[in-house]
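In what follows, a single structure is set out as structure tokens and then discussed.
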Amino acid sequence: MSRQSTPSPPPQDLWSSILDSVSSKRSIPSKSILILGEQGSGRSTIASALLQKQHGNTEEHVHDFALGYQWTDVRDDAEEDTLARLSVFTVPSSSPPYLSLIPRFLPPKSSLPSTVAIVVLDWTRPWTFLEQLLVWLQWLERWASGDNSRELDILKEETRERLQSYLQHYNATSLDQTSPLPHTSVNTLLPLESDVFTHNSSGIPIIIACTKADLIDDDSDLVGGGNNIMVKGKSEQWEERTDGVMQVLRTICMKYGAALFYTTQQPTTLSELRHYALHLLFMQPTSATSEGALGRNPFPQSHKPNTLDRDRIFVPAGWDSWGKIQILRDNFEYKVWSEAWEREIDPEKQNESPGPGAKQLFETLIGGNQGPQKASLTPLVLPVPEQNFLSKNWDENSKKPDRDPRTSFRNLQDNMGTATHAGIVGPLGSSSFSLPTVERALSEMEGGSSLSADARRVPNARRVRISDVPSRPLLSPSPMTGNSRPPASPGLSSPLGSATGQTQHEVLQTFFQSLLTSNNRSGARQSAQSPTNVSATAASPEPQPTSPGANGTNLEHEERLEN
């Protein structure tokens, strides 16, 4: 036998195979959380808690996208190693156009073993719980079915066996990390109860998160807002109804192998939800399950179940049982609700076991007519015809004595002469402004009491208007008429001016006109004494007697002036 002269060359892809093996060992696994909920249910708050980001009223939280996506790195407790890359997907509503985008970015073939679904319910709208659960849980079944290929069916069987093994091994776990795990063999697993884990064929871990649980027992008498309002009623009745809602939710969780969470705005409840979601994501596969294998989870379950605190309910998957649900309220029949749920999701079972569906029973539990209230229509208002409206107001106004506004002006003209009637402008006609005071001031200016004496001596003197007063200065009486008195002021023939029919305004106009012409009167008196008379008086100091003719001439001149 001959031996080969030269050895065979080494494979060319030796280094590439070594690098691929090293990179596969050090690769970071990818985990996904799918958040399903309607608008305003609190999806963004839960997403921020899962990503450990501060939730605020920024633009990225105000506006919803057709498919929201965010990611973060999950590190260990020491913050040294990156355990996985967490992707969080959110949809704005259960509308089919939004849901059709999820299989394109989250295909079930590659993401089913590493995905956890969180269904978000809002406690301010408890009457929508059952309807939303029907929509989301049925959609999860359709999403996991995919294209119904053989590879996908095998993958679904593996994930379902893994979740069933987790539910069966739950009692073998210990919440106290210091105590040893019970010695339970893998081959001796306790079977699940009847009607437990009958649905969820894909085996995807599901968490039902009820947000705003702190509003369950607030001081308000109503739940909800706008047109959707539910009356709480008395405290005992409200507690019984809310406990019944929790029993219904726990019944549905038992059939899907899901967990139940009540969350608030407090960071404690949100951090517990994040820790439990990561605990389900790092669930060990069935092939690696052995005695104490569940303890190797990097996020072990460290929170105890809680069914007493109504704002911090935590029912982990695998812990609950029909007996624990029944003990909360004795009048609750879980079998009735289980059969009603089956009839709701499969109408064909209505013929096998007729009875009401789960939605009908839930409306009765919530309070019937105390659920969503429809807005009542405002009564129709028919307008009154225009002629009828005007005729009605005309009849009412015609009966009023002061309906004609011109009457007040007529009464004002009739009572203008009285001193107590109010003037048109200012206090001219008021009683506080008396014309005798004006007369007294005028008489002092004209020479004391001679004014009133001349007015009494000439009772038939006609009324002199401003237009009748001559523009020239009034002539003063001759110096020879010693017994004569100055004539009365024009325009003031009586103390009040009403004896001759003169109005108050005309009297005042005459008074002020006399004030303006007083300077002219003084100038007229000075001009009457000419220089010739002054020299004659100085030459003959003795007074000359006044003849009767001269006196008569002065009286005639005075009467002519007065006339």
Check: [Y] main-chain N/O paired with [X] side-chain donor or acceptor under 3.5 Å:
X: Asn306; Y: Asp309; answer: yes
X: Ser338; Y: Tyr334; answer: no
X: Asp214; Y: Thr264; answer: no
X: Arg312; Y: Thr269; answer: no
X: Thr251; Y: Gln247; answer: yes
X: Arg160; Y: Gly203; answer: no
X: Ser41; Y: Asp122; answer: no
X: Lys31; Y: Leu281; answer: yes
X: Thr159; Y: Lys156; answer: yes
X: Gln70; Y: Val88; answer: no

- Query: Would one find more than 12 heavy atoms of other residues, nucleotides or ligands at under 6.0 Å from atom CD of Gln326?
  - Reply: yes

For [X], enumerate each residue passing the side chain to side chain contact (heavy atoms under 4.5 Å, CB included) test, keeping only those at least two apart in sequence or located in another chain.
X: Ser271; answer: none
X: Asp147; answer: Lys109, Ser149, Leu152
X: Pro103; answer: Trp143
X: Ala117; answer: Leu140, Ile204

- With sequence neighbours excluded, give me every side-chain hydrogen bond (donor to acceptor under 3.5 Å, both in side chains) pair touching residues 87-105. Glu38-Ser94, Tyr69-Ser87

If we only count heavy atoms from C-beta on, is the [X] to [Y] side-chain gap below 4.5 Å?
X: Ile118; Y: Leu50; value: yes
X: Arg250; Y: Leu328; value: yes
X: Thr45; Y: Gln265; value: yes
X: Phe362; Y: Val245; value: yes
X: Leu121; Y: Leu133; value: yes

In Å and rounded to the nearest 0.5 Å, what is the [atom1] to [atom2] distance from [X] to [Y]?
X: Trp136; Y: Glu141; atom1: CH2; atom2: CD; result: 15.0 Å
X: Met283; Y: His169; atom1: CE; atom2: NE2; result: 12.5 Å
X: Cys253; Y: Asp320; atom1: SG; atom2: CG; result: 8.0 Å
X: Leu192; Y: Met254; atom1: CG; atom2: CE; result: 8.5 Å
X: Arg274; Y: Ile46; atom1: CZ; atom2: CD1; result: 14.0 Å
X: Tyr262; Y: Trp123; atom1: OH; atom2: CH2; result: 5.0 Å

- Message: Parallel, tilted or perpendicular: which one describes the rings of Tyr256 and His199, with boundaries at 30° and 60°?
- Response: parallel

- Message: Students often mix this up, so state it plainly: with edges at 30° and 60°, are the rings of Tyr276 and Phe261 parallel, tilted or perpendicular?
- Response: tilted

- Residues passing the salt bridge (charged side-chain N to carboxylate O under 4.0 Å, His left out) test with Asp73, sequence neighbours excluded, are Arg85

- Query: Any side-chain donor-acceptor pair under 3.5 Å between Asp311 and Gln266?
  - Reply: no

- Message: Applying salt bridge (charged side-chain N to carboxylate O under 4.0 Å, His left out) to Glu239 and Arg310, what does each step give before you reach the verdict?
- Response: CA-CA 10 Å; Glu239 291 181 1; Arg310 295 161 60 85; 5.4 Å; no

